[in-house]
Amino acid sequence: MMKRKKIVAGNWKMNHSYHEALAVFAQLLEHKEEFPANAEVIICPPALYLREFAKKAGNHVALGAQNCHFEVEGAFTGEISAEMIKSVGARYCILGHSERRSMFAETDEIVSRKLRHALTVSLNVILCCGESLEVREDDNHFAWVQQQLNIALDGLSPEQMQKVVIAYEPVWAIGTGLTASRDQAQEMHAFIRRYIAERFNEETANTTRILYGGSCNAENAPLLFSCPDVDGGLIGGASLKLSTFLPIILAAR
Ligand code: PEP
């Protein structure tokens, strides 16, 4: 079976002034030669900064946006399109993050529209899914995630899936300091991979990267990344500083 290239993606959310962001990015690039050969490093800064980051990034770090709209252009005040993201040199876009779902009323249907649109301009998508604590306590987490994926991936072909990375982010672990255990992460990732195999085919399941997200840090990353179905992480808080992010990158061997 082929070895999947791991991904470590930093989701900076709405953090860092422009100059702070440039400084952290420059520090990260100083360590690019240490990045594991089998890891792809992605930074998703505030979209305003993407152009400047793209000019500096070279081949060692890929850039992503944190959201996009599903229309090409028009009267959508405050929104940015997938075309715009692509045109400034970013290659990825996070979609369906739980903060977008809970604070900005993004439904699975909206996520699906965004995803299909992003793929038409060849943006790679990091599609987030994951259950709340309530859903897990009710033992509905597998059905929940399956439903999110069913809708988000509606109508996609196996070829289109090559541009989709899945991030399993249990909502109860995001920014809380709680992390899924190794077993909880592995069983959900294996479940998602089986789902992809049934929905698309074995080859697509074997090649799709499934990232873990939720209070991932230097201490827990080596254990989580050693799960056979965990292909790296989507990192929030710990991606904001080199001292906390670099060890996570180095754990993706
Ligand atoms: C995230 O928001 O995608 C995330 C994983 O955040 P944190 O690492 O801070 O839990």
Side-chain angles (χ1 to χ4, degrees), residues 6-16 20-21 24 28 39-47 49-50 61-68 90 92-106 108 111 114-115 118 124-133 135-136 141 144-145 148-149 152 164-182 184-186 188-189 192 209-225 227 229-252:
K6 286 203 163 57
I7 290 180
V8 180
N11 173 14
W12 283 7
K13 312 189 185 190
M14 198 174 74
N15 289 296
H16 283 329
E20 281 163 3
V24 175
L28 182 66
E40 204 176 327
V41 178
I42 305 169
I43 294 286
C44 304
Y49 310 162
L50 281 172
V61 178
L63 295 168
Q66 301 170 14
N67 177 35
C68 72
Y92 283 88
C93 186
I94 298 172
L95 289 178
H97 191 279
S98 72
E99 288 153 16
R100 300 287 323 164
R101 294 175 188 262
S102 66
M103 294 183 228
F104 302 96
E106 277 190 20
D108 289 319
V111 174
K114 291 182 173 195
L115 188 145
N124 297 280
V125 170
I126 301 176
L127 169 66
C128 302
C129 59
E131 80 288 351
S132 65
L133 190 56
V135 170
R136 180 164 279 265
H141 43 295
W144 182 273
V145 167
Q148 286 183 321
L149 295 178
V164 178
V165 172
I166 300 205
Y168 168 59
E169 301 207 302
V171 178
W172 46 272
I174 297 179
T176 58
L178 297 173
T179 329
S181 67
R182 188 182 191 278
Q184 285 172 327
Q186 171 54 28
M188 181 58 88
H189 283 235
I192 294 171
R209 269 86 58 87
I210 307 175
L211 312 183
Y212 169 79
S215 299
C216 194
N217 59 34
E219 284 72 50
N220 58 37
L223 195 63
L224 289 162
F225 294 178
C227 297
D229 288 297
V230 175
D231 304 310
L234 178 56
I235 320 296
S239 70
L240 289 170
K241 283 192 304 195
L242 180 76
S243 61
T244 47
F245 194 43
L246 187 60
I248 302 177
I249 296 173
L250 300 181

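Indexing begins at 1, ligand by ligand and atom by atom, following the structure's order. Remember, predicted model here, so these are calculated numbers, not experimental data. In this chain, numbering begins with 1 at the start of the sequence shown.
Checked by distance only, ligand 1 and Ser215 come closer than 3.5 Å through their nitrogen or oxygen atoms. Ligand 1 has an N or O atom lying under 3.5 Å from an N or O atom of Gly237, backbone or side chain.
Of all protein heavy atoms, the one closest to atom 5 (C) of ligand 1 is Glu169 OE2, 3.1 Å. Remark: minimum distance from atom 2 (O) of ligand 1 to any protein heavy atom is reached at Lys13 NZ, 2.5 Å. Given atom 1 (C) of ligand 1, the protein heavy atom at minimum distance is His97 NE2, 3.2 Å.
Judged by distance alone, with hydrogens and angles left aside, the side-chain atoms of Asn11 form no donor-acceptor pair with the main-chain N or O of Gly236 at under 3.5 Å. A distance-only check finds no donor-acceptor pair linking the side chain of Trp12 to the backbone of Pro46 [under 3.5 Å]. Put simply, the side chain of Tyr212 gets close to the backbone of Ala180: a donor and an acceptor are under 3.5 Å apart.
Only side-chain heavy atoms of Asn11 come within less than 4.0 Å of ligand 1; its backbone N, CA, C and O stay farther off. Residue-level proximity to ligand 1 for Ala173 is carried by the backbone, the only part with a heavy atom below 4.0 angstrom.
Listed by number with element, the atoms of ligand 1 under 4.0 angstrom from any heavy atom of Leu234 are 3 (O), 5 (C). The contact set between ligand 1 and Gly214, taken as ligand atoms under 4.0 Å from a residue heavy atom, comprises 5 (C), 10 (O).
Residues Gln148 and Leu127 form no side-chain contact, since every pair of their non-hydrogen atoms from C-beta on lies 4.5 Å or further apart. Between Cys216 and Thr179, the closest side-chain pair of non-hydrogen atoms is not below 4.5 Å. The shortest side-chain heavy-atom distance between Ile248 and Phe225 falls under the 4.5 Å cut-off. The shortest distance between side-chain heavy atoms of Ser239 and Ile43 does not fall below 4.5 Å.
Compare Gly236, Ala238, Cys128, Gly175 by their heavy atoms: the one nearest to atom 10 (O) of ligand 1 is in Gly175.
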